[in-house]
Amino acid sequence: MLAVEDLGVRFGGVTALDGVTLAVSPGEIRAIVGPNGAGKTTLFNAITGAVRPARGRVRLCGRDITGAPPYRVARLGLARTFQLTNIFPELTAAAQAWLGLNARSACPWHPFARPGRDGAALARVRALLAALGLADRLD
């Protein structure tokens, strides 16, 4: 599903990644571990298009996505998340979950711009938040 081959990233004279190779098959879960400064964030940024690698290839389902912009990579189903807890502090939990579920939509705000127009999406959000034990925090 995801193949990273001989990936290298440099920032000026600093080599952040040097020959990283990994593969993730469908249904498989992998973890990237290492100390601060080991290149974990740079690897995720290079895979998702936020940083252009100096060498190597990134393939998603056989398609070469090396250096593709993040919005194109996200439309293919692969996106990087950030360790921010309040990206949209004015939105409800339901609205934020809906955005995450519909990030590849041409207009992800649509149901919230016109409330009640997408009952199936709201039902999906409710089910997801309930499964996570957050049904009481929907609004």
| message | Just to verify, which of Val14, Asn45, Thr42 counts as forming a side-chain contact (heavy atoms from CB on, under 4.5 Å) with Val9? | response | Thr42
| message | Can a donor-acceptor pair be found, under 3.5 Å and without considering hydrogens, that links the side chain of Ser25 to the backbone of Glu28? | response | no
| query | Got a second to check how far Leu134's CG is from Arg126's CZ, nearest 0.5 Å? | reply | 14.5 Å
| query | Mind checking whether Leu7 and Phe11 sit in one hydrophobic cluster, side chains of I, L, V, M, F, W, Y counted as touching below 4.5 Å? | reply | yes
| query | Looking at CG of Leu76 and CG of Leu60, how far apart are the two atoms once the value is rounded to the nearest 0.5 Å? | reply | 6.0 Å
| Shortest non-hydrogen contact between Thr21 and Asp6, atoms and distance | OG1-N, 3.0 Å
| query | Are Pro26 and Met1 side-chain neighbours, meaning at least one heavy-atom pair lies under 4.5 Å? | reply | yes
| request: Could you tell me whether the side chain of Gln96 reaches within less than 4.5 Å of the side chain of Val125, counting heavy atoms only? | output: no
| said: Atom CZ of residue position Arg137 - does it have more than 12 heavy atoms of other residues, nucleotides or ligands inside 6.0 Å? | reply: no
| query | Do the side chains of Leu43 and Leu22 get nearer than 4.5 Å, heavy atoms only? | reply | yes
| said: Is any side-chain heavy atom of Val58 closer than 4.5 Å to one of Leu2? | reply: yes
| query | So, do Thr66 and Pro53 sit near enough that their side-chain heavy atoms are less than 4.5 Å apart? | reply | yes
| Quick one: do Arg57 and Asp64 make a salt bridge, cutoff under 4.0 Å? | yes
| query | Listed by chain and number, what are the side-chain hydrogen bond (donor to acceptor under 3.5 Å, both in side chains) partners of Thr15, not counting sequence neighbours? | reply | Arg10
| Would you say the side-chain atoms of Thr48 pair up with the backbone N or O of Arg80, donor to acceptor, closer than 3.5 Å? | no
